[in-house]
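To keep things clear, I will list the structure first and then write my remarks on it.
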Protein chains: 2
Amino acid sequence: MAHTDRLLPTLRDVATAAGVSVGTASKVLSGGGGVSALRAQRVWDAARRLGYRRNGIAADLRRGRPSSIGFVLPDLTNQFFVDIARALENHALEHGYQLIMAHADEDPARELERIRFVLSRQVAGMIIIPCRGYEHAIDEVRECHVPLVMADRVDETFPAHTVTTDSHGASSDGTDHLIALGHERIAFLVNTLDLVNSRERADGYIAAMRRAGLDAFIQVVECGMTAAEIHASTLDVLKSGVRPTALFAGGNVTTLGALRAIRDANLHLPDDISLLSFDDAPWMSVLRPYLSSIRQPVETIGHAIWQLMLKLLNGERGEPVHLSFKAELLVRESTAPVPVVALQRA
Amino acid sequence: MAHTDRLLPTLRDVATAAGVSVGTASKVLSGGGGVSALRAQRVWDAARRLGYRRNGIAADLRRGRPSSIGFVLPDLTNQFFVDIARALENHALEHGYQLIMAHADEDPARELERIRFVLSRQVAGMIIIPCRGYEHAIDEVRECHVPLVMADRVDETFPAHTVTTDSHGASSDGTDHLIALGHERIAFLVNTLDLVNSRERADGYIAAMRRAGLDAFIQVVECGMTAAEIHASTLDVLKSGVRPTALFAGGNVTTLGALRAIRDANLHLPDDISLLSFDDAPWMSVLRPYLSSIRQPVETIGHAIWQLMLKLLNGERGEPVHLSFKAELLVRESTAPVPVVALQRA
DNA sequence: CTGTTAGCGCGTTCAA
DNA sequence: TTGAACGCGCTAACAG
């Protein structure tokens with residue numbers, strides 16, 4: 001009558017119930033062969049009868065080789081990150097790993113906390129999309145010698161594998177598109193310049209403006225992380241003396257905030273003002289006009305992250321690899337030639 | 001020189017490095033008192049020097065009392081679920097628990113797999129928002145005697161604590177609103193009637209229609225789970241002989257699909273057709289016209305789920321409790337009186 | 001093929 | 001106050 005006080009039956013309970021040894025039971029239940037059909041059946045029956053559930057953490061502990069990998073992401077609200085999470089989860093599952101997701105909520109303190117938690121779960125590897133001020137957090141991981149792949153909000157100076165979108169290029173292309181439409185007063189809305197990728201997006205915009213000789217019109221606006229903050233900042237821009245003829249929103253959430261501001265300022269897309277969104281999202285397809293946007297290659301990025309992780313998992317060490325993928329400019333309806341009024345005013 | 005082959009230092013390594021026993025080191029590092037300041041300091045120093053990281057799963061294993069609770073959700077794409085996840089995570093963290101999120105991706109097979117995984121992680125409790133055909137999955141959990149709280153897609157016949165929105169009431173209110181505007185031909189778009197809450201939403205609509213004597217106009221359309229499927233189904237509805245003057249979309253994703261169809265059919269909100277959305281989402285605020293919608297009390301629901309879980313965690317057993325919360329009807333711009341043309345045609 | 005046994009890293013007795 | 005020893009549930013190595 002072992003373990004009558006415990007709620008969950010253990011492997012030993014199953015073994016005794018089946019009249020075999022723990023070793024045999026273990027072999028059967030963990031899928032290994034080398035057990036007679038008769039006994040195997042007895043074990044399965046006993047397990048089912050007792051409602052046995054294998055204790056995965058004990059197994060991992062014993063084996064010394066964890067079966068899950070951690071994924072820390074900064075914002076569940078951001079479709080882009082969620083898409084990556086889905087891609088990663090699929091890849092991980094295919095390769096027999098479980099993905100443990102943790103949510104930093106754009107808060108460095110919480111990020112650190114979450115990283116520690118995931119680490120304490122003895123994951124085989126860590127994939128992180130960091131938030132602002134992630135420096136300490138990363139040290140934490142690197143000290144553990146846990147395979148690490150960083151994504152999106154990093155650059156190639158980072159001392160580990162990284163996978164990113166070519167933010168600079170995409171942003172520069174987007175700006176070129178706007179310029180080609182005749183826009184000069186183009187404002188770039190960015191959540192914060194504390195984030196590497198946001199900074200690169202801003203830099204890409206600046207580079208394109210310079211290239212076109214529009215130095216005088218460069219306007220980078222730091223809007224904040226939340227839609228509410230962005231809303232307010234954008235409204236300021238729109239109500240300022242000379243209004244831009246085009247807005248380039250540096251991300252998913254920024255676009256949302258900007259749209260609210262445009263609405264409140266009672267302006268119409270694209271006649272009164274053009275809007276280009278860095279990041280595409282499902283809801284953009286139902287706007288009138290359909291938003292022009294820059295689509296990051298989510299699947300490609302997810303796949304690349306996983307490939308890098310797999311190599312690490314297989315023990316391949318070596319110089320950090322820095323992968324960067326081209327984004328796609330989707331010209332739709334929210335970007336149009338500069339209205340004549342604006343041209344005349346200039 | 002113990003464990004030189006291991007990458008991660010263990011408690012024993014710290015202990016030997018500090019010149020104390022494992023017991024002492026354990027006491028220090030797990031925050032317990034009863035250790036002299038001198039030795040405590042030595043342990044801390046050693047831990048820091050070695051980069052010691054506590055093995056949380058080993059600790060849980062030994063203690064027999066897990067510190068995390070599982071949350072299985074069906075769709076990361078759905079803002080409503082994500083909001084609940086955030087709320088739950090906050091509550092859990094506040095109470096010293098970690099939330100392990102798992103994503104079923106609207107796939108019963110995967111849901112089962114994910115539930116098994118979470119269970120294998122020896123969680124202290126389980127919170128599940130199920131997807132279609134979840135029956136087996138649930139048995140899985142209940143057999144384990146793990147504290148279980150079900151949410152959203154369940155009804156009060158379920159033999160465990162449940163927290164839901166009053167779908168029937170909300171849906172009925174919404175329909176009344178449409179009827180009050182003079183609409184008769186109101187179509188109800190639902191993802192699938194296999195989901196209890198969707199069914200209740202449909203029932204609420206039907207009840208309201210009957211109450212108004214509009215039995216003849218009742219039209220419930222099963223559209224499918226993805227935006228693409230919904231898009232197609234809705235298009236069929238819009239192109240059919242007598243077009244409805246109002247659409248009531250039974251959820252977040254359904255609204256998205258419906259909007260795409262409305263766009264493709266080249267109809268305008270709310271002049272050509274009215275649209276009411278069950279579920280509110282951030283992006284709805286940037287639509288012109290601003291979408292009328294039904295907002296579920298996410299925070300309240302999240303809080304209630306957690307309270308129930310806490311009770312279970314504290315050992316309070318007893319009859320299953322079934323909590324249901326009222327949703328809020330947000331009348332905005334996408335619902336308007338029936339256009340005169342439609343009235344005349346009727 | 002099968003059973004026995006030694007730990008995985010940790011918390012927790014119990015003596016000293 | 002401290003340290004030694006035990007065992008959480010499991011797997012793997014070995015002996016039969």
Side-chain angles (χ1 to χ4, degrees), chain A residues 2-43 46-47 50-68 119-124 144 146, chain B residues 2-43 46-47 50-67 119-124 144:
Chain A
H3 295 275
T4 53
D5 53 332
R6 286 217 125 279
L7 263 49
L8 271 55
T10 109
L11 180 63
R12 186 155 38 235
D13 297 331
V14 177
T16 45
V20 301
S21 75
V22 263
T24 306
S26 170
K27 255 174 261 171
V28 173
L29 294 174
S30 48
V35 175
S36 72
L38 173 70
R39 300 184 161 240
Q41 195 51 54
R42 283 225 304 265
V43 170
L50 296 176
Y52 170 73
R53 193 95 16 217
R54 179 181 126 104
N55 186 331
I57 65 178
D60 276 5
L61 174 62
R62 175 57 242 240
R63 208 169 7 166
R65 180 164 32 90
S67 58
S68 47
L119 245 26
S120 83
R121 281 1 247 178
Q122 306 302 110
V123 289
C144 293
V146 171
Chain B
H3 293 278
T4 52
D5 54 331
R6 285 217 123 279
L7 263 50
L8 271 58
T10 106
L11 181 62
R12 184 157 40 233
D13 297 331
V14 177
T16 45
V20 302
S21 76
V22 264
T24 307
S26 169
K27 254 173 256 170
V28 173
L29 294 174
S30 46
V35 175
S36 72
L38 172 69
R39 301 183 159 240
Q41 194 52 53
R42 283 224 304 263
V43 171
L50 268 50
Y52 170 73
R53 193 98 14 217
R54 183 181 125 105
N55 185 331
I57 65 178
D60 277 6
L61 175 62
R62 173 60 241 234
R63 208 173 14 186
R65 180 165 30 88
S67 57
L119 245 25
S120 83
R121 281 2 246 178
Q122 307 302 111
V123 290
C144 294

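Naming convention: chains lettered A, B, ... in sequence-line order (proteins, then strands); numbering from 1 in each chain. Here the structure is a predicted model, which means the values were calculated and not measured.
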Could you go over nucleotides 11-13 of chain D and give all protein N or O partners under 3.5 Å, atom names and distances?
| unit_1 | atom_1 | unit_2 | atom_2 | d |
| --- | --- | --- | --- | --- |
| D:dT11 | OP1 | A:R54 | NH1 | 2.3 |
| D:dT11 | OP2 | A:S26 | OG | 2.9 |
| D:dT11 | O2 | A:R62 | NH1 | 2.6 |

Side-chain contact test, heavy atoms from C-beta onward, threshold under 4.5 Å: evaluate it for B:R39 versus B:V28 and give yes or no.
no
Looking at C:dG3, I'd like to know if its phosphate oxygens (OP1 or OP2) sit under 4.0 Å from a side-chain N or O belonging to A:S21.
yes
Could I get the full list of salt bridge (charged side-chain N to carboxylate O under 4.0 Å, His left out) partners for A:R53, not counting sequence neighbours?
B:E140, B:E143
How long is the line joining CZ of B:R12 and C1' of C:dT12, in whole Å?
16 Å
Keeping to residues at least two apart or across chains, list the side-chain hydrogen bond (donor to acceptor under 3.5 Å, both in side chains) pairs with something in residues 24-34 of chain A.
A:S21-A:T24
Spacing of B:R39 atom CZ relative to D:dT1 atom P, expressed in whole Å
12 Å
Hits for side chain to side chain contact (heavy atoms under 4.5 Å, CB included) against A:S67, two or more places apart or cross-chain, chain-then-number order -> A:D60, B:R121
Within this structure, what is the CG-to-P distance between A:L61 and C:dG7, rounded to whole angstrom?
14 Å
Separation of atom CZ in B:R53 from atom P in C:dC10, rounded to whole Å:
12 Å
Think A:T10 has a side-chain N or O under 4.0 angstrom from the OP1 or OP2 of D:dC10?
yes
Length of the line joining A:L119:CG and C:dG9:C1', which is rounded to integer Å
16 Å
How long is the line joining CD of A:Q122 and P of C:dG9, in whole Å?
9 Å
Looking only at D:dT2, D:dC8, C:dC1, the nucleotide nearest the A:S36 side chain is C:dC1
Under the side chain to side chain contact (heavy atoms under 4.5 Å, CB included) rule, collect the residues that match up with B:A15, sequence neighbours excluded.
B:V20, B:V22, B:A25
Applying side chain to side chain contact (heavy atoms under 4.5 Å, CB included), name anything that partners B:A46, two or more places apart in sequence or on another chain.
B:V14, B:A17, B:A18, B:R49
